[in-house]
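First the structure, in the form of structure tokens, and then the observations on it.
The sequence lines fix the lettering, A, B, ..., with proteins before strands; numbering per chain opens at 1.
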Amino acid sequence: MLLFEDYRKRLTESLKSIYPDIKDNDVAPDKTGHADLALRAFSLLRKGDVKIEDVASRITVALSGEDYIDSITTSGGYVNFILNTGKLMEAISSEIYGTDRYPDVFQDPERVSVEHTSTNPTGPIHIGRIRNSIIGDSIFRILSRYGYRVTTQYFVNDSGRQVVSLYVGYRKFGQNDSLTTENLLKAYQRMHREVEADPSLEKEVDEAIRQYEAGKPEVMDDIRKICSVILGSINETLERLGIRIDDYTWESDLIRNGDVDKILESLEDELEDEGGAKYVSSGGRKMFLTRNDGTSLYFSRDIAYHQYKMDNFDWIIDILGENHKEHAGHIRYVIKDLLHRDGRLDFVFYSYVSLESGKMTTRGGNIVTADELLDRAIEESLKIVRTKRPELPESDLMRIALAVATSAVRFHIVKLNSNKQMVFKWAEALSLEGDSAPFIMYSYARAASILRKAGSTEIKTEGNFSHLESPLVKKMYEYAYVLHDAAFGLKPEAIANYLLELTRTFNDFYTNCPVLNADINDRSRRLAIVKNFKNIVKDAAYLVGINVLEEM
RNA sequence: GGGCCCGUGGCCUAGUAUGGAUAAGGCACCGUCCUUCUAAGUCGGUGAUCGUGGGUUCGAAUCCCACCGGGCCCGCCA
């Protein structure tokens with residue numbers, strides 16, 4: 001949980017002790033600028049047959065000892081509260097000076113599994129799939145920040161029809177080529193075309209699946225080798241984006257170690273048979289667990305995987321494409337209702353990314369890979385940083401361009417609500433101004449520059465905050481609430497959008513409030529604001545995959 | 001046919017879970033500001049019946065119903 005002086009809660013509790021009918025939702029921040037927090041007294045007024053002025057004066061008397069409130073006024077059916085900037089600043093500073101982060105957390109021992117990416121090892125990761133990794137990694141970072149012990153998980157589908165058909169394709173058409181992701185992709189796409197021309201080839205795939213599940217050594221070795229090559233290059237792409245996977249679980253291992261069989265045994269009473277194929281059903285829907293030749297299906301392997309996760313984690317989170325919604329529902333049904341596991345299980349869905357020319361398919365070959373996007377983003381950033389900072393040595397230019405590019409790519413994808421469809425456009429993806437990562441990074445660099453130039457001047461965290469400083473302090477204070485909502489709602493985009501607001505507020509401060517040239521009192525107080533701002537931006541930026549730079 | 005998601009200025013989005021005050025940004029376009037801490041920035045302007053129609057409510061972008069448009073799913077694929 002987050003540790004900070006929660007004035008919203010404090011005010012709400014106080015108001016509830018005066019008027020027990022007040023609900024938590026009746027006290028909320030105001031978006032229109034009338035107040036920092038407002039009590040919506042509409043129901044109170046109707047029920048109690050009192051005037052808003054009476055409500056306000058009763059509250060004013062009761063809260064007269066509370067120094068975190070500057071003013072209490074009324075407007076329509078609202079009681080408006082202006083909070084004391086100094087107290088908010090103190091709440092931020094005491095944590096930053098104590099633990100170097102606002103808000104601090106109390107370490108919660110719960111273990112969380114975040115499964116993301118888990119893309120079939122049949123080719124390079126494309127920009128549709130990378131949305132999964134980017135959302136997943138941000139959720140990993142946010143929950144870790146929140147205090148959970150989080151592990152990232154990748155479920156390697158090395159037993160499915162698609163991977164096995166890649167294997168068969170490689171044996172038939174790619175044997176003489178070196179074992180690289182490019183050659184494997186070519187073999188996979190060729191296999192796809194050949195099967196379309198001659199569906200009888202499917203029989204070879206069936207046979208290979210049987211051999212694989214039976215544990216035939218050379219098949220196993222070959223498939224492991226092929227998958228490892230592709231996984232290796234997927235991993236390189238993820239690394240470029242700063243994304244790390246902790247655990248890889250191979251589907252074939254769950255088959256060979258007997259976990260899948262155990263699932264079938266546990267479900268024995270529920271299993272039904274159709275020509276040798278086993279299934280469970282719910283509401284007239286059949287969910288098949290095995291084929292009629294006894295080989296397993298993705299569904300049963302995924303149940304085994306979730307059973308494993310239930311054994312090892314307190315909270316399971318899967319990041320899945322929207323086409324897996326029904327599958328996820330079935331997993332939940334079997335895990336919860338049939339296997340009676342009561343652990344916390346959440347799914348985060350995202351809609352697919354399409355190109356202006358239509359949807360992407362690895363087999364069809366019409367994809368933009370994440371590597372291509374990164375390469376072009378780096379090229380673009382390099383061009384810009386070269387014109388802005390011609391005096392810098394090449395190594396610095398490259399370092400800045402890399403940070404800008406990876407941050408921009410991640411931010412462009414993570415800032416969008418995950419269930420919104422996304423049509424990929426180069427111009428938007430490569431845009432480095434406006435609502436983008438560089439916009440945030442730039443403000444951070446400005447703050448860093450001020451602090452650098454300030455040298456060892458005293459920093460003073462209290463004082464009288466002017467109307468130019470207050471909005472920034474208040475916006476910084478909000479961070480704790482945003483972090484809570486993002487973690488609790490599994491919504492990294494909330495952090496992304498908050499960062500944009502925070503940065504805009506800082507830019508306003510920056511243009512209107514001289515820091516280094518201000519008189520000594522203003523200067524030391526403003527330096528404290530800048531220091532806190534820099535600290536919070538760095539903290540929040542990391543959560544959405546932005547690598548801030550001290551200079552750019 | 002059934003189920004789920006999306007629809008907010010010309011374009012891209014925030015706000016929707018938990019209804020609340022003049023709907024908040026970006027891109028593009030027009031104009032402004034570098035002898036003040038980094039102009040990847042700032043300020044101002046043009047531009048929105050929040051898909052449509054009903055309903056609930058003191059109050060609806062937000063909740064309910066219907067419809068329209070787009071996406072996804074309804075395999076012994078994954």
>> Working note: A/His324 + A/Phe347, criterion ring pair (Phe, Tyr, Trp, His ring centres under 6.0 Å); need CA distance, chi angles, decisive distance, verdict.
In response: CA-CA 10 Å; A/His324 281 67; A/Phe347 300 99; over 10 Å; no
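- Residue A/Glu493 is classed as having no contact, given no heavy-atom separation below 4.0 Å to the nucleic acid.
- Contact annotation for A/Asn512: no contact, since no heavy-atom pair falls under 4.0 Å across all strands.
- Aromatic ring centres of A/Tyr498 and A/Tyr479 lie closer together than 6.0 Å.
- At the heavy-atom level, A/Tyr510 lies under 4.0 Å from base atoms of the strands shown.
- No engagement by A/Glu501 is indicated, since no non-hydrogen atom pair under 4.0 Å with the nucleic acid exists.
- Donor-acceptor pairing under 3.5 Å, judged by distance alone, is present between the side chain of A/Asn80 and the base of B/rA21.
- Contact annotation for A/Gly160: backbone-only contact, meaning every heavy-atom pair under 4.0 Å involves sugar-phosphate atoms and none involves a base.
- A salt bridge links A/Lys534 with A/Glu550: at least one charged nitrogen is closer than 4.0 Å to a carboxylate oxygen.
- Between A/Lys383 and A/Glu380 there is a salt bridge, since at least one side-chain N of the basic residue sits less than 4.0 Å from a carboxylate O of the acidic one.
- One atom, CD of A/Glu202, and another, C1' of B/rG75, lie 13 Å apart when rounded to the nearest Å.
- Ring-to-base geometry does not place A/Phe439 in a stacked arrangement with B/rA40 (centre distance under 5.5 Å, plane angle under 30° required).
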